[in-house]
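Numbers here are sequence positions counted from 1. Because the structure is a prediction, the values reported are computed rather than measured.
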Amino acid sequence: MKKIIITTAMALVSMFVASAQKAIETPKFGENWSLGIKGGVTTPMSNNAFFGAMRPVVGLQLDKKITPTFRVGAESLFGINTSSVRGPHSKTAFDDSYVGAFGAVNLFNLFGGYPGHTRPFDIEAQAGAGWGHRFETAVKDINYFGTKAGLNFNFNVSDEVTVSVSPSVLWNMSGEPKVEQASASYDKNRANFNLTAGVAYNFGGNGFRVVRPYDQAEVDALNGQINSLRGTVDAQAAENAALAAKAASLASQVEQLRNQPPKVVEQVKVKNNLESVRYVFFKIGSSVIGADQQPNVEMIAAYLNNHPGSKVVIKGYASKDGPEELNIRLANQRANSVKDALMKRYKIPASRIQAEGCGIGEMFEEESWNRVAICILETGTK
């Protein structure tokens, strides 16, 4: 008997360890409890007619799920006295009773894994041991050590309600009084077959919440990200403080300006800038000043002669027509063509003339107007 108990305990512990899942959050003590009531029939497995000796049984059950795969509990089973087996057995309403502890393994979760919720249907293997009592009239009541094993076919109507159909066998391991028995044995001559149906209410809630486990590398990486974000927040806080200080300083300056008396600002009328700009236009691909543009060059020379302290800045441009390299060269040649004309024909000193090529011009929407030398006169005294 001792070997049977040890073997059974080791098997239950092995299944408990195997069913433990790292991804399941540890439930609270008050979670995963169930209370149930059941009823059905029981009959001896030998020495009597199977159906002729059948009589009703009722019982109660209290259990707790330790893991999604394994649960433990206590149960009771009472046979109703119908005087159908070997005449009257008891003066009470019951022929016999059984009270014991059990462990049950959810086979679906054991082999298929816990899906994170209660399945609509599952099957459990259940085994237990306890105290049996048989009520007698002619002889003294019999007490015996019993073991019980069976299956539970569970229909989970909701998270709170479970309906079960449970076939099982209950063995009298002690034997009959005054009958020699070398050791406990599973003998069908001392066994009853039970078939019960019951309903259980699951209170305390389903405490098996699936969580995603993190390894140390992930935790370290997340801590690194958190520290980086903290540094960013601190830097942003410092920047915000600096901006707040700047805003306060500007507000103080504004307040000081508001308190100052108004200043009178003398307005100086500026001469129209259009009078100090002249244009010399060129034909496509050419840097030669045409006859029609000579009057413009003459006007520039006249202004420089009339204003000895004045200077001229000549900026040459080209249109987008043709290769870019050629246009850049043309822009420079056009500026220098105007400079050479002022120096050679009108004897204007080179120190008063600044000429530069400015590449492709985009000042005018009319593309041909961008083939130009723009001459900007800097005002001098007459």
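- Ion pair Lys320/Glu362 flagged as a salt bridge, since at least one NZ, NE, NH1 or NH2 atom sits closer than 4.0 Å to an Asp/Glu carboxylate oxygen.
- Trp33 and Phe29 have perpendicular rings, their planes meeting at more than 60° on a 0 to 90° scale where under 30° would count as parallel.
- For Glu298, the CD atom is loosely surrounded, since the number of other residues' heavy atoms within 6.0 Å does not exceed 12.
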- Residue pair Glu160, Asn202: steps toward the side-chain hydrogen bond (donor to acceptor under 3.5 Å, both in side chains) verdict: CA-CA 5 Å; Glu160 292 79 23; Asn202 310 311; over 6 Å; no
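- For the pair Phe155/Thr162, no side-chain contact is recorded, criterion being any heavy-atom separation below 4.5 Å from C-beta on.
- Ring geometry for Phe208 versus Tyr114: interplanar angle over 60°, hence perpendicular rather than tilted (30 to 60°).
- In this structure, OG on Ser276 lies 7.0 Å from OH on Tyr303, to the nearest 0.5 angstrom.
- For the atom pair CZ (Phe281) and CG (Asn296), the distance works out to 8.0 Å, reported to the nearest 0.5 Å.
- Residues Asn327 and Ser319 come closest through the heavy atom pair ND2-O, 3.1 Å.
- Remark: side-chain polar atoms of Ser164 are not paired, donor with acceptor, to backbone N or O of Ser166 under 3.5 angstrom.
- Counting heavy-atom neighbours within 6.0 Å of Lys65 NZ, excluding the residue itself, gives a total of 12 or less.
- For the atom pair Glu365 CD and Glu367 CD, the distance stands at 10.5 Å (nearest 0.5 Å).
- Atom CD of Glu324 has 12 or fewer neighbouring heavy atoms from other residues, nucleotides or ligands inside a 6.0 Å radius.
- By the criterion of side-chain heavy atoms lying less than 4.5 angstrom apart, applied directly or through intervening Ile, Leu, Val, Met, Phe, Trp or Tyr residues, Leu60 is grouped together with Val163 in one hydrophobic cluster.
- Contact check for Asn370 versus Ile360: no side-chain heavy atoms found under the 4.5 Å cut-off.
- Two residues are said to be in side-chain contact when any heavy atoms from C-beta on lie closer than 4.5 Å; Ile353 and Ile348 meet this criterion.
- Aromatic ring orientation, His133 versus Trp131: tilted (interplanar angle from 30° to 60°).
- At a threshold of 4.0 Å, the pair Arg55-Asp96 counts as salt-bridged, since one of the basic side-chain nitrogens sits closer than that to a carboxylate oxygen.
- A salt bridge is defined here as a Lys NZ or Arg NE, NH1 or NH2 lying under 4.0 Å from an Asp or Glu carboxylate O, and Asp321 with Arg371 meets this definition.
- When side chains are defined from C-beta on, Glu124 counts as touching Arg71, because their heavy atoms get closer than 4.5 Å.
- Here Ile123 contributes atom CD1 and Leu151 contributes atom CG; the two are 7.5 Å apart, rounded to the nearest 0.5 Å.
- If you take CG on Asn223 and CD on Glu218, they are separated by 12.0 Å, rounding to the nearest 0.5 Å.
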- Message: Run the side-chain hydrogen bond (donor to acceptor under 3.5 Å, both in side chains) test on Asn156 and Thr118 for me, step by step, so that the C-alpha distance in whole Å, both residues' side-chain angles and the decisive distance to 0.1 Å come before the verdict.
- Response: CA-CA 7 Å; Asn156 300 301; Thr118 303; 5.9 Å; no
- Message: Applying side-chain contact (heavy atoms from CB on, under 4.5 Å) to Val41 and Asn194, what does each step give before you reach the verdict?
- Response: CA-CA 6 Å; Val41 294; Asn194 307 298; over 6 Å; no
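- Closest of all the heavy-atom pairs between Tyr144 and Asn172 is CB-OD1, 3.2 Å.
- In Glu325, the CD atom is not crowded: 12 or fewer heavy atoms of neighbouring residues, nucleotides or ligands sit closer than 6.0 Å.
- Both Phe70 and Phe111 are assigned to one and the same hydrophobic cluster, defined by single-linkage of ILVMFWY side chains at heavy-atom distances under 4.5 Å.
- Counting all heavy atoms, side chain and backbone alike, Ile374 lies closest to Val277 at CG2-CG1, 3.9 Å.
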- Pair Ile314-Leu342, side-chain contact (heavy atoms from CB on, under 4.5 Å): steps then yes or no: CA-CA 11 Å; Ile314 306 169; Leu342 291 173; 4.1 Å; yes
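- Ring pair Trp171/Tyr186 is perpendicular by interplanar angle, where above 60° counts as perpendicular and below 30° as parallel.
- Contact between Gly316 and Ala335 at its shortest, heavy atoms only, is N-CB, 3.6 Å.
- At a threshold of 4.5 Å between non-hydrogen side-chain atoms, the residues Arg230 and Asn227 count as touching.
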- Task: Tell me, with the steps shown, if Thr43 and Phe51 meet side-chain contact (heavy atoms from CB on, under 4.5 Å).
- Result: CA-CA 7 Å; Thr43 185; Phe51 292 102; over 6 Å; no
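- Contact check for Ile80 versus Asp95: no side-chain heavy atoms found under the 4.5 Å cut-off.
- Salt bridge annotation for Lys64-Glu31: absent, with no cationic side-chain nitrogen under 4.0 angstrom from a carboxylate oxygen.
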- Item | side-chain contact (heavy atoms from CB on, under 4.5 Å) between Cys375 and Val338, worked out | CA-CA 9 Å; Cys375 306; Val338 177; 4.0 Å; yes
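- Within a 6.0 Å sphere centred on CZ of Phe121, other residues, nucleotides and ligands contribute more than 12 heavy atoms.
- Using a 4.0 Å cut-off between charged side-chain N and carboxylate O, Glu75 and Lys38 make a salt bridge.
- Counting only heavy atoms from C-beta outward, the side chains of Asp141 and Arg134 never approach each other to under 4.5 Å.
- Between the Asp187 side chain and the Asn189 main chain, a donor and an acceptor come within less than 3.5 Å of each other.
- Lys315 NZ: 12 or fewer foreign heavy atoms inside a 6.0 Å radius.
- Counting only heavy atoms from C-beta outward, the side chains of Val280 and Val297 approach each other to under 4.5 Å.
- For the residue pair Cys358 and Tyr317, the shortest heavy atom distance occurs at CB-CE2, 3.4 Å.
- Rounding to the nearest 0.5 Å gives a distance of 9.0 Å between OG of Ser46 and CG of Asn192.
- For the residue pair Phe193 and Met45, the shortest heavy atom distance occurs at N-CG, 3.7 Å.
- With respect to the salt-bridge test (charged N to carboxylate O, under 4.0 angstrom), the residues Arg119 and Asp122 do not qualify.
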